[in-house]
Amino acid sequence: MENYGNDKKLDTFLLFVMVSLIAIGITTLYVLQPHLRGDLSNIDFYIQQITWFVIGGIGIAAIMLLDFDFYRKLAWPLYFLGVAMLAGLFVFAVEINGSYSWYQLPVGSLQPSEFMKVFLVITLAHVITSHNEQWTYKNLKYDSILLSKILGLTIPPLVLIVMQPDLGSGMVILSIAGFLILISGIRWRFIFSLIGILAVFSGILVVVYLMFTEQFVNFWMDTPFRHAVYRIQAWQNPHLYEDGSGMQSIRSMLAIGSGELFGKGLGNFQLSIPEQHSDMIFTAIAEQFGFIGSSVVIILYFLLIYRIIQIALDCRDPFGTYLAVGFVGMFFYQIFQNIGMSVQLLPLTGLPLPFLSYGGTSLLVYMAAIGIVLNIHSRKKDYMFETE
C-alpha cells in the first residue's frame with residue numbers, strides 16, 4: 001500500500017550544502033579577481049558565476065516539475081545528442097590550453113563533455129533498469145550481456161573525450177560506469193575477476209614504464225596521451241620541470257602549505273598560480289583559510305556525497321537509485337582528483353572542482369545533477385508493507 005505523504009518534499013539539507021559550496025566559490029572568485037594577471041584581470045569571473053548560478057537555479061526548478069522517471073524516455077535522444085556534440089568538436093572546436101574540448105558560442109564557450117556525463121548517467125541507469133526488468137535469473141549470460149551493454153555505451157564517449165585530449169573527463173566517464181557496474185546486479189565474482197584482470201594489466205603497465213621509461217614515453221609522444229605522460233613525469237619530479245608543467249604543482253603546494261592551520265586571511269594571496277580561478281581554486285581556499293578552511297570544504301563535499309547515497313538507498317525505484325549512484329561516481333572522482341592534484345597526490349588534470357571552480361558549463365551541469373537527485377527525493381514513495 002503506497003503512502004504519498006512524502007511526495008513533493010524538497011531536500012533542504014542537500015540544497016544547503018550545494019549553495020554553501022557555490023557561495024564559497026563565488027566569494028573566492030571575488031577576492032581572487034584583483035590578483036589574476038594578464039587578460040584574466042579584466043574579466044569579472046564572480047559576476048559571471050553568479051549569473052550561471054541564477055540560471056542553474058531556474059534549471060533546478062524546471063527539473064523538479066517533471067517526475068524523474070520521465071528522463072527514461074529522454075535517455076537515448078540525450079545520449080546520441082551528447083555523442084554528436086563530442087564528435088562535432090573534431091570540426092568546430094576551439095583550442096584552449098592545448099585541448100580541443102570547447103565550442104565557441106556568442107555567450108561564451110561550451111564544453112560538451114560536461115553534458116555527456118549527465119547524459120551517460122541517465123542512459124546507463126535506463127539500460128540497467130530495463131535489463132533487470134527483462135532478466136529474472138542471474139547467470140554468466142546475464143552478467144556478460146549487461147556488462148557488454150554498459151561498456152558499449154561508455155566506450156564511444158570515452159574515446160571521443162580522450163582524443164580531444166581530455167583524459168581527466170575520460171576518467172570521470174569511467175568512474176560513472178564503474179560505480180554503476182558495482183550496483184547493476186552483476187555478480188561480485190564476475191566483478192572481482194574483471195578487477196583482477198585490470199589490476200594485472202595496470203601492474204604490467206607500471207613495470208614497463210619504470211623499467212623502460214624513455215622508450216615508453218617516446219611510444220606515446222604521437223598519441224593523444226602525450227599530455228598525460230608529460231603530467232605524470234611532472235608529478236613524479238616537479239622540480240625537474242619547474243619551468244613548465246611542474247611549476248603549477250610546486251606553486252600549489254607552496255600556497256597550500258603557506259596557509260598553515262588558520263590561513264593568511266580573506267584575499268591575502270602571495271603566490272600566482274595558473275588557472276587558480278578554475279582548476280586550482282582549492283589552493284586559493286587553502287592559502288586564505290588554511291587547514292581549517294580546507295577541512296570545512298572537504299566536509300561539505302563528504303556531506304554532499306553522503307546525502308546523495310542516502311537518497312539512493314531510500315529510493316524504491318531502481319531507475320532513481322541508479323541515477324543517484326551514477327552522480328555519486330561523477331562527483332566522487334572529480335572531487336578526489338581535483339583536491340588530489342592540488343596537494344600533489346595525483347597528476348594534474350583539467351578537471352574543475354564541482355561548484356567552486358569557475359565555469360558556466362560545469363556549474364550548470366552539476367546543478368542539473370543535484371536537481372535530478374532532489375527530484376528523486378521529492379517523489380520518494382513510502383510503503384506500508386515492505387513486500388510491496
Show me the pairs that pass salt bridge (charged side-chain N to carboxylate O under 4.0 Å, His left out) and involve [range], at least two apart or across chains.
| range | value |
| --- | --- |
| residues 195-218 | none |
| residues 261-284 | K264-E287 |
| residues 143-154 | D143-R187 |
| residues 97-116 | E114-K117 |

Once side-chain contact (heavy atoms from CB on, under 4.5 Å) is applied, do any residues pair with [X], and if so which ones, sequence neighbours excluded?
| X | value |
| --- | --- |
| Q104 | V94, S109 |
| K141 | W135, N139, I145 |
| F80 | W76 |
| L346 | F336, Q337 |

Does the plane of the ring in Y366 sit parallel, tilted or perpendicular to the ring in F355? Use 30° and 60° as the thresholds.
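Perpendicular, since the angle between the ring planes exceeds 60°.
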According to the interplanar angle, ranging from 0 to 90°, do the rings of F269 and H35 count as parallel (below 30°), tilted (30 to 60°) or perpendicular (above 60°)?
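Answer is perpendicular, since the angle exceeds 60°.
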Under the salt bridge (charged side-chain N to carboxylate O under 4.0 Å, His left out) test, residues paired with R72 that sit two or more places apart:
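Salt bridge (charged side-chain N to carboxylate O under 4.0 Å, His left out) list for R72, sorted by chain: E133.
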Can you list the steps and then say if S101 with Q164 is a side chain to side chain donor-acceptor pair (under 3.5 Å)?
CA-CA 6 Å; S101 304; Q164 292 174 6; 2.7 Å; yes
Less than 3.5 Å apart, which donor and acceptor atoms pair up between the side chains of residues 56-64 and the rest of the protein, not counting sequence neighbours?
none

Between side-chain atoms of residues 189-209 and protein atoms elsewhere (two or more places apart, or another chain), which donor-acceptor pairs fall under 3.5 Å?
residue: S193; atom: OG; partner: R189; partner atom: O; Å: 2.8
residue: S202; atom: OG; partner: L198; partner atom: O; Å: 2.9
residue: Y209; atom: OH; partner: Q236; partner atom: OE1; Å: 2.5

Within-4.5 Å side-chain heavy-atom neighbours: I150 and L180:
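Contact flag for I150/L180 side chains = no.
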Is the shortest side-chain heavy-atom distance between W235 and M341 below 4.5 Å?
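They are not in contact (no side-chain heavy atoms under 4.5 Å apart), so the answer is no.
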Is the centre of the H126 ring less than 6.0 Å from the centre of the Y71 ring?
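They do not qualify: ring centres at least 6.0 Å apart.
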If the test is side chain to side chain contact (heavy atoms under 4.5 Å, CB included), which one of L124, I183, V127, I122 qualifies with Y322?
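It is I183; the other options fail the test.
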Less than 3.5 Å apart, which donor and acceptor atoms pair up between the side chains of residues 295-306 and the rest of the protein, not counting sequence neighbours?
residue: S295; atom: OG; partner: F291; partner atom: O; Å: 2.7
residue: Y301; atom: OH; partner: P354; partner atom: O; Å: 2.4
residue: Y306; atom: OH; partner: Q310; partner atom: NE2; Å: 3.2

